[in-house]
Structure formats: C-alpha cells, structure tokens
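Okay, structure first, notes after.
The basis for the numbers below is simple: all heavy atoms, side chains too, and nothing from hydrogens, waters or symmetry mates. As the structure is a prediction and not an experimental result, all values here were calculated from the model. A, B, ... follow the sequence lines: proteins, then strands. Residue 1 opens every chain.
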Amino acid sequence: MSNIRVRFAPSPTGELHIGGARTALFNYLFARKTGGTFVLRIDDTDLERSRTDYIDNLIASLKWLGLQWDEGPYYQSKRLTEYTGEAERLIKENKAYRCYCSMDELAAGRVDAKKENRAYQYPGTCRHLTPEQEETFKKEGRQPVIRLRTPDEGTTVVSDEIRGEVSFENTGIDDFIIIKSNGLPTYNFASVIDDLQMKISHIIRAEEHLSNTPRQIICARSLGYDLPKFAHVPMILAPDRSKLSKRHGATSVEEFRDQGFLPEALVNYMALLGWSPGGDEELITLEKMVENFSLERVNKTAAIYDVGKLAWMNSQYMKDYDPQLLSEAAIPFFEKKNLLTAKPGDDEKNKLNKIVIAVRERAKTLDELADIASYFLTDDFEYDEKGVKKHFKKEGASRHLRQAASLIDAMPEFEAMDLEKAFHRLSEELQISAGRLNPLVRLAITGRMGGPGLFETINILGRQKTAARLKRAADYIDSIT
RNA sequence: GACCCCUUCGUCUAAUCGGUUAGGACACCAGCCUUUCAAGCUGGCAACAGGGGUUCGAAUCCCCUAGGGGUCACCA
C-alpha cells in the first residue's frame, strides 16, 4: 500500500449529483491506480442544511456506482473537539484571535463596500484587542468568533497538479473566520484539519474550490503542517452552460438510476467528462479506466453533459450486459408500470429473460425497455393509429387474421422454422405477400408497427395468447369496418 | 465590481519537446442490410474565439481583446 491517500468529502445538503459523483470517481480511479487509500468523509458541520437522508443517499449512490471506499465514512460532526482544540492552540500561538463584531456590524461594512464598488474585507477591528476590551465585550453578552491572522503582504501560490502554479495576492485575503460563534468550525478550517490529520496526500476536488485554496494553505501553514498536493478538476455544467441544478432535469445519481441507466454506463460516461484515456476507445471498463488514469490527462475545461450520449452509451452497455443481470435490473421498471403483479417466480424470470433479450437493443434505458416490452406482459394495449389505417382497414384483414389464428391453433408447439414455413404457406393460400401478412399479424398481437422478429414475438407470447389476440383483433376490425 | 481559471466540430474529446488533408465519439443527414422497428455497416455535414507577435513553420509558445465559468458568507 502506497502513501497516497485521497478523499471524497461531500456535504450532505443534497442528493449526490453527477458533478460530485465524477469527483468521487476521479478520486477512486487515482487511488486504485496508485495503490492508495480512498477515504470517505462527510463534511456535515452545517447543522442547518445537513440531513441524514442525504447521507444515506450519498452512500447508496456511491455503492450503486461501485465506487467502494477504503476508509470511513468519517463525520466532521463527530470531530468537533479536534477543531476547537486546534483553534485554541492558534490563539495561544497568537496566530488567531477572537472577534466580537456582530453580524449586523459586519453586514454594514459589506453594504458600504458594495456602495463603493469594492470587494469587502474584514477590516481587522478585533485584531489587537486588550484583555480588558475582551472582558467588556463578554459582559455585553457578545458571542465571539475566532479568526485566523492572515498575512498582509506577499503571495500564496497554489501548486496544482492539473493547472500548474496559480498565485494569489495575500492582500486579497482577509482574516477569515475559522470558528463560528456557535462553536462550529467553518469549512476552510475543518476541512484543512481533517485533510492534514487524515494524512491526505492529494486533494482532488472540483474547480469551484480553487479560489478557497490559498486560504486553506495559509491555514495549514499556521497549523504547522505540510501541504498536500492539489488537483482541481473542471466542473460539469448543464446544457445551458450554467451550474447544475434541479431545473435541468435529472442531475442526481439516483434520478439517473430511476430513469433506467446502468451504473457501468453512468460511470463510463462520467469518466469521459474531463478526462480521456488517450485512444479512440470510449466504451471502457472500470478496470481499463484505472489502468489508464492519470491526473495529467484530466482536462482544464468545464464540460457540458449531454444526456443523449449517456443514453447511447447506456444502450451499448445494455446490449452486452449479462441477460440474467439485465432482466434482474429491469424488474423494478416492469413493476413500476404494473406489468408484474407479484414477485416473479422461476418460470416468469425465464420468460422475462427471453423478453429482455428480444428487446434490449431497441431500448436506450431500462425504463424504455419496459415500455417496449409491455405487450408481452399485458393484453391491455391499443392498436397503433397509423397501423390501423394501413393494415386493419384493408380488404380481408379480419379474414386473414382468423386464418392465422386457426393456423396457430392447429400447431402443437412452436419451432421458429415451422412457424416461418407455416406463415409462408398461409400467405400463399391467402394470396397476399408476406410483406402484407406479417405486419398485419404483428399489429394484431402487439398493437405496434415495430419490434422484435415476428416469429420470435409469437414464440415468446405463446400459442394461446397469440391466437386469442389474433381473434380479438379480427373482432375489432369487424367492429370498425 | 475585484481576484482566479478556462477557450478545438452543436456536445464530449484526440493531436502531450511546434511540422497532421486537425483524428474519434454522440447527435444529424444519406445509402446498405432487413418481413417491421431497432441494431449493425458505409459515407457525408461540422471546429483550432478574434487580433497581434516569436519562428523556416503555431491548435500547440508569448501578449492583447472578447466570451464563458468559479470565488468573494458566522454554506460547504
């Protein structure tokens, strides 16, 4: 095991979306590639917004994607004394100080800054308070925050594995808060302490954190720790180039799952957003990704995700999926559409398998697959309107169907070859072409114009059902003509 | 507004010390295959943001402009 340690540290304030999932994936790939350790940490210091059901969602989503972590989950909410202890130490070392400014006072400063059209910075009001002044404030009942004393000059350089050296003027960084008045740490403090204490060697996270990094570096230096390496991966944007949000349709891993995407396809697709293995291969297994992964090959540009390509990729995975596993995965979608009344037994599973194999390459998602295959599981379907016009309203249609029905009734069991031959003879008898008979029969037994091969369809449907549907269609034709 | 990052087909991307007819994939269009719908196969459309340099030679290096994004909380 190498010394490489990475972490995925989401805050449980929402469902895991593909941006976060992709960050987790890159961490996972990097850890596997380097023989390192992948740590999961839950950054739940924001009591207001953190929710346990989001933690469940996070964990379920990671597991579903197959991104197994090696350590954790750790919870920041359980490590609070760690942060306050470090903050007290910094105060003793005169690297941090208590600030008694009220939120209103600070807000007023911000309003002024806005008016003068300049960036707001904490003016350092409490930087040099005497013990007496502190006493007075305390007597007034003010709850202090703790601020870090940050350098007033010089530059802080972020050395980023993906972006190179990025430097920031220290004048742009004020004495920011590390412990809030409620005693909880802020992100820039807790996260730094955890990363350092957990011996994280590479912080791989989204680009939105790049601007925060100089603060964290200053923080780490005050604390007296060595710096980890940083790698800021590009963001994933919605099709309208804005940040991902609910109004962009499905963005969370759970939603993609519920829409019938396979985890392998989603992982494959996410990996290719901001990274490429180099060659022309796009359909690659997780193993292959691990083998080829390097931060060097991660892009700098934000990527816009395209559900269309995800769907295509999903269809590719469905085609090659183990049929057993695929029909297993499809069951919830059949259930959702009320196509499965009870838990399927062995016989039904067998049938499901056949159905899934027959329709899989016609669907892009499991949800679509269940739609396409619905007529195999229910008699309750409508006839395609165009099809009715084209095939049912033709001279002799109902007679042809009745003939086909008696043909099938007369057949003891189905052999695809026999069926085909029998239909061939039938079309000769009826003196119509197979090109006219077959679509008519298809419409009668499936209600649709397209689908798996006709004889395969009849085979799966079974003799009785097929014959019954043929007669039903014939009756229907008689009733409308 | 300040600071920071980014810029190759509509979208994802390749071209990793400068020399390519700028490659692939999705989508789209056409053809083939096919009893249908798909799938598959073949072909087509389509990009180096703009302007200056450096160089024999720039998508690649430098500068400027424009555009996009991110951060500026007692959120993470």
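The residue A/Asn299 sits close only to the backbone: its heavy atoms come under 4.0 Å of sugar-phosphate atoms, none of a base. Residue A/Gln316 is classed as a sugar-phosphate contact, given heavy-atom separations below 4.0 Å to backbone atoms only. Counting non-hydrogen atoms under 4.0 angstrom, A/Ala434 reaches nothing in the nucleic acid. Counting any heavy atom pair closer than 4.0 Å across all strands shown, A/Cys99 reaches no nucleic acid atom. Among the protein residues, A/Ser242 comes within range of no part of the nucleic acid, since none of its heavy atoms lies under 4.0 Å from any strand. Among the protein residues, A/Pro452 comes within range of the nucleic acid bases, having at least one heavy atom under 4.0 Å from a base atom. Residue contacts for A/Ser181: at a heavy-atom cut-off of 4.0 Å it reaches a base atom on one of the strands shown. Across all strands shown, A/Gly451 has heavy atoms under 4.0 Å from base atoms, whether or not it also approaches the sugar-phosphate. Within 4.0 Å of A/Gly278, counting heavy atoms only, lie sugar-phosphate atoms of the nucleic acid but no base atom. Residue contacts shown for A/His232 are absent, as no nucleic acid heavy atom lies under 4.0 Å away. Counting any heavy atom pair closer than 4.0 Å across all strands shown, A/Arg442 reaches a base atom. Note on A/Asp43: only backbone sugar-phosphate atoms sit closer than 4.0 angstrom, heavy atoms only; bases stay farther off. In this structure, A/Arg436 reaches neither bases nor backbone, as no heavy-atom distance under 4.0 Å exists between it and the strands shown.
Within 6.0 Å of the CD atom in A/Glu382, the count of heavy atoms belonging to other residues, nucleotides or ligands does not exceed 12.
Here, B/A58 and B/G19 have their C1' atoms 10 Å apart, quoted to the whole Å. Spacing between B/G51 and B/A66 at atom C1', rounded to whole Å, works out to 10 Å. Look at the C1' atom in both B/A49 and B/U55: the space between them is 23 Å, to the nearest Å. B/U42 and B/U34: their C1' atoms are spaced 16 Å apart (whole Å). Taking the C1' atom of each, B/U11 and B/A47 are spaced 12 Å apart, rounded to whole Å. The gap from the C1' atom of B/A38 to that of B/U20 amounts to 37 Å, rounded to the nearest Å. Taking atom C1' on both nucleotides, B/C48 is separated from B/G23 by 13 Å, rounded to a whole Å. B/C62 and B/C3 are spaced 23 Å apart, taking the C1' atom of each and rounding to whole Å.
Under the Watson-Crick or G-U wobble criterion, with both distances below 3.5 Å, B/C28 is paired with B/G44. The partner of B/A73, taking Watson-Crick or G-U wobble pairs whose two distances both stay under 3.5 Å, does not exist in any strand shown. Here B/A49 sits opposite B/U65 as a Watson-Crick or G-U wobble pair (both hydrogen-bonding atom distances under 3.5 Å).
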Look for any protein N or O under 3.5 Å of an N or O in nucleotides 3-9 of chain B and output each such pair with its distance, or none.
from: B/C5; atom 1: O2'; to: A/Arg163; atom 2: NH1; distance (Å): 2.5
from: B/C5; atom 1: O2'; to: A/Glu207; atom 2: OE2; distance (Å): 3.3

Just the table, please: protein N/O against nucleotides 28-31 of chain B N/O, every pair under 3.5 Å.
none

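Atom NZ of A/Lys243 is separated from atom P of B/G68 by 17 Å (rounded to the nearest Å). When the C1' atom of B/A38 is taken as reference, atom CG of A/Leu454 falls 15 Å away, rounded to whole Å. Atom CG in A/Asn212 sits about 10 Å away from atom P in B/A73, given to the nearest Å.
Checked by atom type, the side-chain pair A/Ser427/A/His400 shows no donor-acceptor distance below 3.5 Å. Side-chain contact of A/Asn353 with A/Ser327: a donor-acceptor pair under 3.5 Å is present, judged by distance alone. Residues A/Asp240 and A/Ser242 bring a donor and an acceptor atom of their side chains to less than 3.5 Å of each other. A side-chain donor-acceptor contact under 3.5 Å links A/Tyr100 and A/Glu134. With 3.5 Å as the limit, one finds no donor-acceptor pair spanning the side chains of A/Gln76 and A/Asp44.
Contact check, A/Arg147 against B/A73: no side-chain N or O comes under 4.0 Å of OP1 or OP2.
For A/Asp306, the side-chain atoms get nearest to B/G10 when compared with the rest of B/A14, B/G10, B/C74. Checking B/G24, B/U71, B/A76 against every side-chain atom of A/Asp280, the shortest atom distance belongs to B/G24. If you check B/A15, B/A76, B/U71 against the side chain of A/Lys180, the one that comes closest is B/A76. Proximity note for A/Glu361 (side chain, C-beta onward) versus B/A38, B/U13, B/A76: the nearest is B/A38. With distances taken from any side-chain atom of A/Arg362 to the nucleotides B/A76, B/U35, B/C37, the minimum falls on B/C37. Here the side chain of A/Glu208 is nearest to one of B/C26, B/C74, B/G70, namely B/G70. The side chain of A/Ile304 has B/C12 as its nearest neighbour among B/C12, B/C26, B/A76. Listed nucleotides B/A27, B/A14, B/C12 differ in distance to A/Trp312; the shortest reach to its side chain belongs to B/A27.
Atom CG of residue A/Asn438 and atom CG of residue A/Leu454 lie 5.0 Å apart, to the nearest 0.5 angstrom.
Counting heavy atoms from C-beta outward, A/Ile408 and A/Phe423 have side chains that approach closer than 4.5 Å. With a 4.5 Å cut-off on side-chain heavy atoms, A/Asn188 and A/Cys219 do not count as touching.
For the pair A/Arg41 and A/Tyr74, the NZ or CZ position fails the cation-pi test of under 6.0 Å to the six-membered ring centre and within 45 degrees of the ring normal. For the pair A/Arg147 and A/Tyr122, the cation-pi test (distance below 6.0 Å, angle within 45°) is passed.
The six-membered or imidazole ring of A/His17 lies away from that of A/Phe256, with a centre-to-centre distance of 6.0 Å or more.
Between A/Arg127 and A/Asp152 a salt bridge is recorded (basic side-chain N to carboxylate O distance below 4.0 Å).
If you check distances only, the side chain of A/Glu282 does reach the base of B/G24 with a donor-acceptor pair under 3.5 Å.
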